[in-house]
Amino acid sequence: MLTPTQRQRPLLACVLACLLAGACALTPATAQTTDRAKPTDPDAAVPETPYQPAHVPRAPSVPTTTPDRTWQENNRTVAGQAGHGAHAQHGTPAATPAPDPHAHHHDHHAPPAKKEHH
């Protein structure tokens with residue numbers, strides 16, 4: 001059997017839910033009762049909207065080095081990272097060219113070389 005306190009809990013929960021729902025329903029109505037001009041009034045005062053840029057550029061800093069020095073320093077930085085070491089060899093020529101694998105073939109379609117007599 002339920003005690004009187006246990007019987008009152010569902011009723012109390014229902015009353016609180018109704019009060020909360022009523023308070024939520026009245027909140028938008030009270031927020032709309034502010035003193036505003038009519039949107040259809042062409043002479044209504046419009047508050048100024050200030051411009052706020054999303055990106056504010058920084059003042060240019062004075063370069064401490066020349067662009068070529070910066071480029072060289074960046075190349076050294078990249079060359080020191082794992083997996084980027086081959087990039088540092090861009091300006092270095094190969095030690096010896098690879099031998100031509102077709103050097104032993106003869107050109108059968110070329111006309112014979114003319115010998116000059118002196």
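P99 is linked by a side-chain contact (heavy atoms from CB on, under 4.5 Å) to nothing, counting only residues two or more places apart in sequence or in another chain. T66 pairs by the side-chain contact (heavy atoms from CB on, under 4.5 Å) definition with D68, R69, not counting sequence neighbours. For D100, the side-chain contact (heavy atoms from CB on, under 4.5 Å) criterion is met by H102, A103, not counting sequence neighbours.
Put simply, the residue from T77, T70, N75 that forms a side chain to side chain contact (heavy atoms under 4.5 Å, CB included) with E73 is T77.
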